Amino acid sequence: MGGLNCGVTLALLGVLLRGAALLPRRAEAAEIALPPGSDITISIKPGTSTLARPCYILTSKTPTIMLSIKSGEKKTFSFMCQNPENYFVIEIHKNIDCMSGRCPFGEVQLQPPTSALPTLNRTFIWDVQAHKSIGLELQFSMPRLRQIGPGESCPDGVTHSISGRIDAAMVKIGTFCSNGTVSRIKMQERVKMALHLPWFHNRNVSGFSIANRSSIKRLCIIESVFEGEGSATLMSANYPDGFPEDELMTWQFVIPPHLRASVSFLHFNVSNCEKKEERVEYYIPGSTTNPEVFKLADKQPGNMAGNFNLSLQGCDQDAQNPGILRLKFQVLVQHPQNESYITYTVDLSNERATTLTIEPRPVKLSRKFVPGCFVCLESRACSTNLTLTPGSKHKISFLCDDLTRLWMNAKQTISCMDHRSCHRKSYFLQVPRDILQLPVQLHDFSWKLLVPKDKLSLALVPAEKLQQDTRERICNTSFSYLMASSSSSPGQDLYFGYFCSGGSIEQIRVKQNMSVTLRTFAPSFQQEVSKQGLTVSFIPHFKEEGVFTVTPDTKSKVYLRTPNWERGLPSLNSVSWNISVPNDQVACLTFVKEQTGLVCQTGRAFMIIQDQRTQAEEVFILEEKLPKPTFHHHNFWVNVSNCSPVNGKQLNLLFQVSLTPRTIDLPVLLTAVVGGGAFLLFALGLIIFFVKKNRKKKKNKGLAVGIYNGNVNTQLPMQPKKLQKVRKDSESHVYADIDDTIVYGHLLLDSNGSFVQPEVDTYRPFQGPREDCPPSPPPTCSRARTAKLTTEEPPPGSSAESESEPYTFSHPNQGNESNRDTDIPLLDAHEPAESVE
Ligand SMILES: *[C@@H]1O[C@H](CO)[C@@H](O)[C@H](O)[C@H]1NC(C)=O
Ligand SMILES: *[C@@H]1O[C@H](CO)[C@@H](O)[C@H](O)[C@H]1NC(C)=O
Ligand SMILES: *[C@@H]1O[C@H](CO)[C@@H](O)[C@H](O)[C@H]1NC(C)=O
Ligand SMILES: *[C@@H]1O[C@H](CO)[C@@H](O)[C@H](O)[C@H]1NC(C)=O
Ligand SMILES: *[C@@H]1O[C@H](CO)[C@@H](O)[C@H](O)[C@H]1NC(C)=O
Ligand SMILES: *[C@@H]1O[C@H](CO)[C@@H](O)[C@H](O)[C@H]1NC(C)=O
Ligand SMILES: *[C@@H]1O[C@H](CO)[C@@H](O)[C@H](O)[C@H]1NC(C)=O
Ligand SMILES: *[C@@H]1O[C@H](CO)[C@@H](O)[C@H](O)[C@H]1NC(C)=O
Ligand SMILES: *[C@@H]1O[C@H](CO)[C@@H](O)[C@H](O)[C@H]1NC(C)=O
Ligand SMILES: *[C@@H]1O[C@H](CO)[C@@H](O)[C@H](O)[C@H]1NC(C)=O
Ligand SMILES: *[C@@H]1O[C@H](CO)[C@@H](O)[C@H](O)[C@H]1NC(C)=O
Ligand SMILES: *[C@@H]1O[C@H](CO)[C@@H](O)[C@H](O)[C@H]1NC(C)=O
């Protein structure tokens with residue numbers, strides 16, 4: 001009669017329940033009937049109470065302390081005391097046998113419903129048995145579960161005790177209260193779930209459902225879902241007793257994207273392993289070395305972003321002295337601790353053709369634990385590698401314990417495809433402020449500068465004069481520009497090298513398409529940010545691969561080197577340096593470390609040093625010994641032009657320019673005069689000769705080209721000598737004089753690719769000692785002017801000691817040099833993290 005209000009449920013469940021009032025307090029009679037085939041057994045038995053006065057159950061007029069009702073039975077009973085809940089408990093045991101038929105999966109009902117049971121502490125037990133390979137999953141809808149340890153109790157008295165079975169042995173998975181994070185428990189073959197509801201609790205739903213799953217291949221999997229900050233304490237199966245031998249248990253954690261999880265082991269013991277090793281393994285998003293394996297005694301990972309899982313693996317224990325494996329641990333989920341949860345806005349809506357990638361800095365693979373590190377777009381889509389596209393505004397935030405594990409690379413393309421529209425136009429190349437404000441190191445900002453072929457060239461003017469990175473003067477700034485252009489040799493980029501602020505290079509002109517990459521080397525870039533900036537302009541096309549404008553200052557030496565250092569200037573390429581000399585100074589040009597070792601296949605490689613005021617030129621064949629130090633009173637050109645070299649015998653030229661006050665000239669001249677009258681006479685003769693010759697040549701201007709003999713190394717030029725030999729010295733070095741029109745190697749090739757044999761002026765050079773320019777030019781520093789000496793030039797310095805001294809070529813082995821620019825094969829290639837200084 002009282003059961004009618006649950007009629008629907010009862011009908012569905014096939015449970016019939018009769019009995020008046022059903023609240024057998026005060027000795028009222030109750031009736032419980034279980035339909036046949038319900039697989040339910042109900043027992044009413046004494047509880048754990050220690051009350052002195054006993055109470056009895058009256059059934060069939062017989063007092064008893066135990067009552068059992070099986071499927072298909074109906075029993076009427078009453079209690080012989082006022083508060084039976086203090087004496088008795090009721091246990092409702094249901095077997096669910098999936099072996100013999102279909103399993104009733106889905107939401108689990110309380111049956112009989114609590115309202116139909118006497119008001120006693122109730123324990124509903126579901127005992128599910130399935131095939132060995134069937135995974136059984138208990139899903140807990142809200143509220144989720146919280147595991148409690150031995151001796152702990154739940155505030156509302158509602159507990160869930162879950163256990164399984166391995167062969168014949170029962171395994172306790174754990175006891176859980178009602179408010180927590182555990183959402184699913186997956187087991188295999190067998191699950192026993194006991195829901196304990198205290199008599200005063202009017203809960204009428206089980207709160208969980210059962211589903212079948214494929215094999216989980218382990219003892220169990222416990223899933224915890226965190227909705228926000230919080231913590232969970234979890235324990236190994238059987239805790240505080242030993243974890244079953246050689247078993248595997250996994251915990252999965254679902255963590256909101258903006259939070260971090262840390263694991264700490266509160267208590268553990270390890271057993272004595274005979275085979276295998278007890279360990280925990282993590283799968284952590286973003287880790288390159290999953291699974292991350294730890295010993296139980298290790299410090300466990302912290303500050304993990306993203307969902308992760310943790311497995312406990314037992315071992316084969318020593319049968320004599322097994323010891324005990326057990327683990328109690330805590331997962332703490334909280335907001336990232338050390339980097340504020342800031343959203344950054346990167347506005348690329350006005351940054352034409354700029355893309356920004358924030359990505360993991362490459363690291364050497366190691367077994368060391370690496371927690372996840374994410375960049376989030378709009379705080380939602382988090383990934384390890386994010387590319388922001390031009391034309392819009394982006395809101396980003398970071399989920400990363402250590403932002404130094406990320407870096408940024410940006411690219412911008414500036415192109416001019418119609419030379420009429422962009423001629424003389426200029427752009428300022430600078431890293432946008434929005435990118436600089438991000439808490440991640442900028443690695444590269446690369447500008448691709450594109451111009452129409454043979455129509456326009458590029459001029460770059462840095463905000464602060466640049467220094468070329470050489471071994472002799474290393475860039476120690478926090479950033480450098482790496483410059484490269486597509487050289488005229490097809491498929492080969494031409495690397496001008498690294499340039500940093502604080503030097504003497506005022507302008508760099510580049511013939512064609514190029515890339516300029518600002519690369520940072522230290523976090524202090526943020527402080528030096530104002531030093532960046534380059535103005536690029538489109539200028540009329542010219543022939544050299546590059547033209548450098550250098551204005552040295554008196555304080556330091558300037559080191560300059562040919563592009564593509566160590567790989568060699570590409571064949572038939574030319575480069576020029578416009579080096580200015582202040583009025584009151586003398587510049588000493590020294591070839592510091594000759595790296596030439598050059599052997600030409602076709603053509604000649606040469607260098608012309610030209611005084612810009614007097615137009616006096618000196619020409620040096622570069623396959624041979626390098627020129628000695630020379631002094632320059634006026635702005636001068638150093639123009640280098642390559643031949644087509646034999647493979648592996650490349651042209652690499654490094655030179656140094658230093659300034660000294662001009663007043664010192666006089667003593668030097670005097671020294672020279674005192675040095676010997678004969679020599680002075682010779683020098684004068686030479687000057688006169690050159691002046692004459694120059695005049696004569698000037699008349700033939702336009703046609704006069706100096707071209708070189710390909711066999712200079714082994715024999716003297718074949719052309720009639722127009723110049724008197726200066727000295728007898730077969731070891732001496734050959735200079736050639738080329739008049740006004742500069743001729744580059746590649747222009748000398750005729751249509752068959754063979755070399756034209758022109759008229760050549762050759763003569764012996766002055767042989768000075770091979771020393772660097774001293775602080776003030778002493779007689780030892782060569783004053784040789786082998787071409788077009790003007791009257792204001794001092795005569796060639798005297799020096800008998802130099803007569804027989806051969807040039808020495810040093811070929812420093814630079815194979816192990818860690819010079820940055822030589823190791824970067826491509827602009828876009830990322831160097832390994834350790835190379836970032
Ligand atoms: C019923 O459960 C409560 C709490 O769960 C407990 O304190 C009490 O002793 C139990 N009653 C009996 C008779 O076991
Ligand atoms: C459980 O509930 C109590 C009170 O409602 C709350 O203070 C506590 O944080 C909850 N515990 C968990 C693990 O959610
Ligand atoms: C459980 O009780 C709530 C009220 O407490 C009621 O709304 C709900 O229908 C009941 N469910 C069942 C299955 O009896
Ligand atoms: C679950 O059981 C149903 C019916 O017994 C079966 O069709 C299904 O394949 C099972 N699913 C899994 C994952 O075993
Ligand atoms: C378990 O480990 C604790 C330290 O974590 C240690 O104090 C205790 O003696 C160990 N117990 C056993 C039974 O090995
Ligand atoms: C643990 O996580 C990894 C990566 O997400 C996944 O491949 C694996 O199946 C998970 N293992 C368990 C038992 O959840
Ligand atoms: C946060 O940073 C401080 C110092 O900057 C450090 O002492 C602390 O350990 C860090 N905390 C975490 C959780 O990394
Ligand atoms: C990040 O993404 C960009 C663009 O998709 C790709 O070029 C780059 O290699 C990626 N970086 C990493 C570390 O995966
Ligand atoms: C420079 O790049 C543009 C666009 O890619 C191309 O059209 C042009 O031919 C290139 N110029 C040279 C000299 O390679
Ligand atoms: C860089 O090197 C120069 C000398 O080459 C030195 O004067 C300067 O202080 C150095 N700067 C830094 C930041 O180390
Ligand atoms: C050479 O450099 C000087 C000094 O910077 C400059 O005045 C002159 O215009 C430059 N010459 C050329 C041809 O660029
Ligand atoms: C050196 O190169 C510059 C720039 O290309 C050029 O103006 C000058 O005429 C060249 N000088 C000689 C002697 O070739």
Side-chain angles (χ1 to χ4, degrees), residues 135 137 183-188 213-224 248-255 280-292 304 306-313 353 372 413-419 422 448-462 465 484-494 504-515 538-553 558 576-583 585 587 610-613 615 632 634-639 657 742:
E137 180 178 289
S183 55
R184 289 192 290 180
I185 296 179
K186 286 184 229 181
M187 296 172 69
Q188 202 155 304
R213 291 283 179 259
S214 51
S215 167
I216 59 164
K217 300 192 162 60
R218 66 201 72 204
L219 175 62
C220 77
I221 300 174
I222 296 182
E223 180 192 75
S224 276
L248 174 63
M249 180 171 179
T250 297
W251 291 266
Q252 297 175 325
F253 298 92
V254 177
I255 312 290
V280 283
E281 293 186 359
Y282 292 83
Y283 277 90
I284 298 165
S287 163
T288 49
T289 49
N290 276 325
E292 301 288 346
M304 288 176 282
N307 302 341
F308 71 99
N309 60 34
L310 156 61
S311 297
L312 173 67
Q313 173 71 65
T413 304
I414 295 176
S415 61
C416 164
M417 285 305 122
D418 177 10
H419 67 280
C422 42
K448 286 213 168 354
L449 309 173
L450 304 176
V451 290
K453 200 169 163 58
D454 301 335
K455 291 286 197 308
L456 288 177
S457 292
L458 296 155
L460 299 164
V461 177
K465 285 199 283 178
S485 88
S486 46
S487 80
S488 41
S489 316
Q492 204 186 348
D493 277 343
L494 178 67
S504 307
I505 301 171
E506 215 165 59
Q507 190 196 55
I508 300 174
R509 278 180 275 157
V510 175
K511 179 160 90 176
Q512 52 202 355
N513 289 352
M514 74 172 301
S515 67
F538 297 107
I539 58 169
H541 187 254
F542 56 86
K543 282 200 208 68
E544 292 85 358
E545 294 306 321
V547 180
F548 295 81
T549 302
V550 184
T551 53
D553 63 28
V558 180
S576 306
W577 288 265
N578 169 11
I579 300 170
S580 60
V581 182
N583 269 338
Q585 302 283 320
Q610 184 188 31
D611 185 298
Q612 288 182 16
R613 163 109 60 94
Q615 303 294 308
H632 302 271
H634 310 120
N635 295 0
F636 62 102
W637 286 105
V638 177
N639 295 358
V657 181
I742 172 124

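Just follow the structure's listing: the first ligand is 1, and inside any ligand the first atom is 1. Please read all numbers here as calculations on a predicted model, not as lab measurements. Every heavy atom of this structure was used, including side-chain atoms; hydrogens, water molecules and symmetry mates were not.
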Novice: Geometry only, no angles: is Thr250 polar-contacting ligand 6 at N/O separations under 3.5 Å?
Specialist: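 No - when backbone and side-chain N and O of Thr250 are compared with those of ligand 6, no distance drops under 3.5 Å.
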
Novice: Within the 4.0 Å heavy-atom shell around Thr549, which atoms of ligand 11 are there?
Specialist: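 Listed by number with element: 2 (O), 5 (O).
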
Novice: Ignoring hydrogens, what is the shortest heavy-atom contact between Val254 and Asn307? Give both atom names and the distance.
Specialist: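 In terms of heavy atoms, the two residues are closest at CA-OD1, 3.4 Å.
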
Novice: Any idea which part of Thr551 is under 4.0 Å from ligand 11, heavy-atom wise: side chain, backbone, both or neither?
Specialist: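 Side chain only.
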
Novice: For Tyr283, take its heavy atoms, then give the atoms of ligand 6 lying under 4.0 Å from any of them.
Specialist: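 Counting atoms of ligand 6 from 1, those under 4.0 Å from Tyr283 are 1 (C), 2 (O), 3 (C), 4 (C).
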
Novice: Do me a favour and list the nearest non-hydrogen protein atom to atom 14 (O) of ligand 6 with residue, atom name and distance?
Specialist: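 Checked against all protein heavy atoms, atom 14 (O) of ligand 6 sits closest to Gln252 NE2, 2.3 Å.
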
Novice: Using a 4.5 Å cut-off on heavy atoms from C-beta on, say whether the side chain of Trp251 contacts that of Asn309.
Specialist: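 Heavy-atom side-chain distance check fails, nothing below 4.5 Å.
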
Novice: Answer with side chain, backbone, both or neither: which part of Val451 has a heavy atom less than 4.0 angstrom from an atom of ligand 9?
Specialist: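 For Val451, only backbone atoms sit under 4.0 Å from ligand 9.
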
Novice: Around atom CG of Asp418, are there more than 12 heavy atoms of other residues, nucleotides or ligands at under 6.0 Å?
Specialist: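 For Asp418, atom CG is crowded (more than 12 foreign heavy atoms under 6.0 Å).
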
Novice: Considering only heavy atoms of Gln512, which atoms of ligand 9 have at least one such atom less than 4.0 Å away?
Specialist: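 By the 4.0 Å cutoff, the relevant atoms are 13 (C).
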
Novice: Taking the non-hydrogen atoms of Gln507, is any one of them nearer than 4.0 angstrom to ligand 11?
Specialist: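 Outside the 4.0 Å threshold, so no.
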
Novice: Taking atom CG of Leu219 and atom CD of Gln188, what is their separation to the nearest 0.5 Å?
Specialist: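 With rounding to 0.5 Å, CG (Leu219) is 9.5 Å from CD (Gln188).
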
Novice: Checking Ser183 against Glu223: is there a side-chain donor and acceptor pair closer than 3.5 Å?
Specialist: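 Yes, side-chain donor-acceptor contact under 3.5 Å.
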
Novice: Which residue supplies the protein heavy atom nearest to atom 5 (O) of ligand 9, what is that atom called, and how far is it?
Specialist: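 Checking every protein heavy atom, the shortest distance to atom 5 (O) of ligand 9 gives Leu450 CD1, 4.1 Å.
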
Novice: Starting from atom 3 (C) of ligand 11, which protein heavy atom do you reach first, and at what distance in Å?
Specialist: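 Heavy-atom neighbour on the protein nearest atom 3 (C) of ligand 11: Asn578 ND2, 3.5 Å.
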
Novice: May I ask you to identify, for Glu506, whether its side chain, its backbone, both or neither come under 4.0 Å of ligand 11 on a heavy-atom basis?
Specialist: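 Side chain only.
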
Novice: Determine the minimum heavy-atom distance between Tyr282 and Asn290, stating which atoms define it.
Specialist: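 That would be O-OD1, 3.4 Å.
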
Novice: Measuring only between side-chain heavy atoms, which start at C-beta, is Asn513 closer than 4.5 Å to Val451?
Specialist: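 Yes. Closest side-chain heavy atoms under 4.5 Å.
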
Novice: Could you list the atoms of ligand 6 found under 4.0 angstrom from a heavy atom of Arg218?
Specialist: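 Taking each heavy atom of Arg218 in turn, ligand 6 has 13 (C) under 4.0 Å.
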
Novice: What pair of heavy atoms forms the shortest contact from Ile255 to Gly306, and how long is it?
Specialist: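 That closest heavy-atom pairing would be CG1-O, 3.5 Å.
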
Novice: If we only count heavy atoms from C-beta on, is the Leu450 to Met417 side-chain gap below 4.5 Å?
Specialist: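 Touching, per the 4.5 Å side-chain cut-off.
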
Novice: Using a 4.0 Å heavy-atom cut-off, say whether Trp637 meets ligand 11 through its side chain, its backbone, both or neither.
Specialist: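 Under 4.0 Å from ligand 11, Trp637 contributes side-chain atoms alone.
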
Novice: Return the minimal non-hydrogen interatomic distance between Ser485 and Gln512, and the atom names on each side.
Specialist: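 In this case the closest contact between Ser485 and Gln512 is CB-O, 4.3 Å.
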
Novice: Got a protein heavy atom sitting under 4.0 Å from atom 7 (O) of ligand 11?
Specialist: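 Given the 4.0 Å cut-off, atom 7 (O) of ligand 11 does not count as touching protein heavy atoms.
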
Novice: In terms of side-chain heavy atoms, does Ser580 have a donor or acceptor partner in Asn635 at a distance below 3.5 Å?
Specialist: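 Looking only at side-chain atoms, Asn635 and Ser580 do not form any donor-acceptor pair under 3.5 Å.
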
Novice: Sub-3.5 Å donor-acceptor pair from the side chain of Lys186 to the main-chain atoms of Arg213, do we have one?
Specialist: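 It does not hold such a pair.
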
Novice: Checking a contact table here: which protein heavy atom is nearest atom 9 (O) of ligand 6, and how many Å away?
Specialist: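 The closest one turns out to be Asn309 ND2, 4.8 Å.
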
Novice: Atom 4 (C) of ligand 11: which protein heavy atom is closest, and how many Å away?
Specialist: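 So the nearest neighbour among protein heavy atoms is Ser580 CB, 3.9 Å.
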
Novice: For atom 11 (N) of ligand 6, is some protein heavy-atom partner under 4.0 Å away?
Specialist: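 Neighbour list for atom 11 (N) of ligand 6 includes protein heavy atoms (cut-off 4.0 Å).
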
Novice: Polar-atom distance check: Arg509 versus ligand 11, any N or O pair below 3.5 Å?
Specialist: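 Checking ligand 11 against Arg509, an N or O pair does fall under 3.5 Å apart.
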
Novice: Provide, to 0.1 Å, the distance between atom 1 (C) of ligand 9 and the closest protein heavy atom, together with that atom's residue and name.
Specialist: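 In this structure, atom 1 (C) of ligand 9 has Asn513 ND2, 1.3 Å as its nearest protein heavy atom.
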
